[in-house]
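So that the names make sense, note that chain A is the first sequence line, chain B the second, and so on, each numbered from 1.
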Amino acid sequence: MKRRNLFAASLAAGALAAGRKSWASVPEAAQAMGRTAPPGTVPPLTPARVHADQIMDIKVCLRPFRPAGPRLEIEPVADKIVVHNYGHGGSGWSLSWGSAAMAVERAAPLMEKRVAVIGCGIIGLTTAITAQRAGMNVTIYARDMLPHTRSVRANGSWTPDSRIALITAATPDFAATWERMARYSWQTYREYLGLPGNPVDFRDNYILSDTPPDEADHTEPAPDISKGSYASTGMPQSEAEFAKYGDRIKDIIPAAELLAGADNPFPVAYARRKPIMIYNFGAFGHALLSDFYQAGGRIEIREFHSPSEVADLPERVVFNCTGYAARDLWGDKSLIPVRGQTAWLPPQPAANYGVRYKGAAMLSKSDGLMVQGVNLSGLGELEGVGNSMEQPNRAEAEQAVAVFEDLFSRFRPRRG
Amino acid sequence: MAPHPIFAKQAQKAKGFCTALLAITALVATTHAALAAPRHAPAPAPATAPSFTAEQADHGAQIYAGTCAMCHGAALEGAHDMPPLRGLFVARWANTPLNKLYAYITHAMPLMAPGTLPPQDNIDIMAFLLRENGTEPGHTPLPADENRLAQMVFPAPNALPPVKAAPPGKAPRTR
Ligand SMILES: Cc1cc2nc3c(=O)[nH]c(=O)nc-3n(C[C@H](O)[C@H](O)[C@H](O)COP(=O)(O)OP(=O)(O)OC[C@H]3O[C@@H](n4cnc5c(N)ncnc54)[C@H](O)[C@@H]3O)c2cc1C
C-alpha cells in the first residue's frame, strides 16, 4: 500500500499537483491523466537488433567535470584577454549555446572585432558561431577538428545537469547561471530542428523497470559516511553530492509519462516514455561547420603547449574552449575526469527510439545505434569518476549490449 | 610586452566562479587601465563622456526593477528572445549619441506600454544603464535635455586600447 502511494505520487509530480490524489493502480493512474490511447490504436514498435557481433565502433571519452561548475572567467594572459569556457562535465552538448552566449557576453564590452577561439569541440564551435552572431570575426585554433574531439565520443542528448557541479563546490548563484544557460541552449537548439539531415531531433525514450519506478526514484542510497566527501577527499564520494537543477526548467522540458497496459510495448512491468532531444553528430557537426564558414570563419590547425603561447596570436581576445585538455594546458587541477564509453552499431532508422533499462542506454541516431552502460555498476553518477582510462573496454560494451539483446529476445507481438 | 603585474594579482583574485562573476567588470576595467597606462598619458575626460549621479542611478534601478526587469532580467541579462542591457548591449550602443538611446527608450519602452514613463524616470534609467555597464557616477546629473544628450555618447569603458599601427618598414611583432 505504501509502495503504491509512492508510485502514484511520483506520477502525479510530473503532470498534476503532487498529493492531490493517489491512485490504486497503474492503468487507473494513466487513465486519470487522460493519456491512454484507445486499444489497438498505438502503432507497433519495431524491435531493435542489438547484438555484440554488430558493434562497429567503441568510443571512450572523459567528461571534463569541474566541481565548481564550468569555468567562465576572464583572465589576462600576456597582453591578451582570455575568456574561459570549459569544464561542462556530462552536460557540454546540452549547455553549449547558453555557455557560449555567456562567454560572448563577457567579451562584448571589450569591443574587439577580431577574436580567437581555441578548441573545435562542441563548446568551441558554438562559441565561435555565437561570437559571429554578435558581429565578431572569428578564427578557430585547434589541434583537432570536431570528428576527433571528445565531444563526438559522447552520447549526445539533452542531459543539462549530468555531472555539472557538486552542491558544496558550486556557488549559490550557480543554480541561476545554470538555468539561464539551459534555457538559452534549449531555445537555440530548436533552431536546428526540422533541417535537412535532422542535425537535432527528438526521440521517444522508454525508461523501463522491473520494479515500480518510484523505488528507484525515491530511495537514494544513504551516503556511506565512512568514505568521506568531496570536501574531505577532493573527490565526490556519493551520488547525493552532485547538484541537480532539472526542476528549474521543467516548464519547458517534455515530461515522462507512464505507459500502462496496452500502451506499454515492452515485456517489462513498468515503462515510462519521455521525448528527448538528441544531437546527430554527423549532421549537426556539418551544419555547425557550414554555418561557421558561411559567416566568414577561419580554422587553423594548431596545438598550444602553454597559456603563454596565446601571445603569438594576432587576436587580442581569446576564448579558451579546450575541454578536459585545460587540465594540463591551463593547469586547472580542479578538472576531474569522468570516464564514459559508447558502443556503436549500424543505424536502425526503423527502430527510431531510445531505451533505458538495467543501467544501460540505447539510442537510435542517424549515425548509428548507440549503446552505453550508464549505470551498470550501480554507482550512478559516481561511475567513471576519477577514471582517465581512455581505452575501449570491450567487455563493458558487450555487457551493455546484452541488456538489450535480452530485452528484445523477450519482445512479443503486441496484444490488442 | 610582459604581463603587467596587475594581471597576475587580478587573476588570482578572480579564482572561483562566483568571485569571477562579481569581479569581471572591475577586473576588465582595471586591466584596461593597466593596458592603457604605459602607452597614453592620463587623458582628460573627453567632452562627450556622460556624467550622472549615484542618486539618479539608484532611482533608475528602482524604476528598472519595477518596469523593465520582467523582460530584460533582474541582472539585465536578457534571454534568447530578449536583448540584454549589458554585455552585448555595450557593443551595440557604444559611441552612439545618448539622445538616440533616450529617444528609443522614450518611444519604444517599456514594450507593452511605450512612452508611459515620465522623462525624468527615463533619464534615471539611462543613468542606471550607464552605471551597470561600467561608467562611474559623478557629481553632475545627467540632463533631461535632448540637445545636451546629443553631445554625449554611450561609453565603452572596458574597450581594449586602440592598436598602434606598426611603424612602416617593421615586420609585425612575433615571439
Ligand atoms: C560518454 C559520454 C557521454 C556524454 N553524453 C553527453 C550527453 O548526452 N549530453 C551532453 O550534453 N553531454 C554529454 N557528454 C559531455 C560532453 O561530451 C562534454 O561536456 C563536451 O564534449 C565537452 O566539449 P568541449 O568542446 O569542451 O571539449 P572537447 O570536445 O574535448 O574539445 C576540445 C577542443 O580543444 C582542442 N584542444 C585541446 N587541447 C588543445 C591544445 N593544447 N591546443 C590546441 N587545441 C587543443 C581539441 O583539439 C578540441 O578541438 C558526454 C560525455 C561522455 C564522456
Practice prompt. Heavy-atom distances under 4.5 Å only: say whether A:Q187 touches chain B with side chain, backbone, both or neither.
Written response: both
Worksheet item: Given A:E191 and B:H80, is the side-chain contact (heavy atoms from CB on, under 4.5 Å) satisfied, shown in steps?
Response: CA-CA 11 Å; A:E191 296 164 16; B:H80 186 269; 3.1 Å; yes
Discussion item. Using a 6.0 Å cut-off, check whether atom NE2 of B:H139 has over 12 heavy atoms from anything other than its own residue.
Written reply: no
Worksheet item: Considering the options B:N158, B:N133, B:L160, B:L88, which one meets the side chain to side chain contact (heavy atoms under 4.5 Å, CB included) requirement together with A:P109?
Response: B:N158
Discussion item. Just checking A:K244: does its NZ atom have more than 12 heavy atoms from other residues, nucleotides or ligands closer to it than 6.0 angstrom?
Written reply: yes
Worksheet item: For the residue pair B:E77 and A:E105, what are the closest heavy atoms and their distance?
Response: O-OE1, 4.2 Å
Practice prompt. Decide if atom CZ of A:R190 counts as having more than 12 heavy atoms of other residues, nucleotides or ligands within a radius under 6.0 Å.
Written response: no
Item to complete: Would you name the heavy atoms of A:M111 and B:A159 that are closest together and state the gap between them?
Response: CG-CB, 3.6 Å
Worksheet item: CZ of A:F202: more than 12 outside heavy atoms within 6.0 angstrom?
Response: yes
Discussion item. Does atom NZ (A:K333) have a neighbourhood of more than 12 heavy atoms from anything else shown, all under 6.0 Å?
Written reply: yes
Fill in: Part of A:R183 lying under 4.5 Å from any heavy atom of chain B
neither
Worksheet item: In terms of heavy-atom pairs under 4.5 Å, which option from A:R180, A:M102, A:E309 contacts chain B the most?
Response: A:R180
Item to complete: Give a yes or no on this: more than 12 heavy atoms of other residues, nucleotides or ligands lie within 6.0 Å of atom CG of B:L111.
Response: no
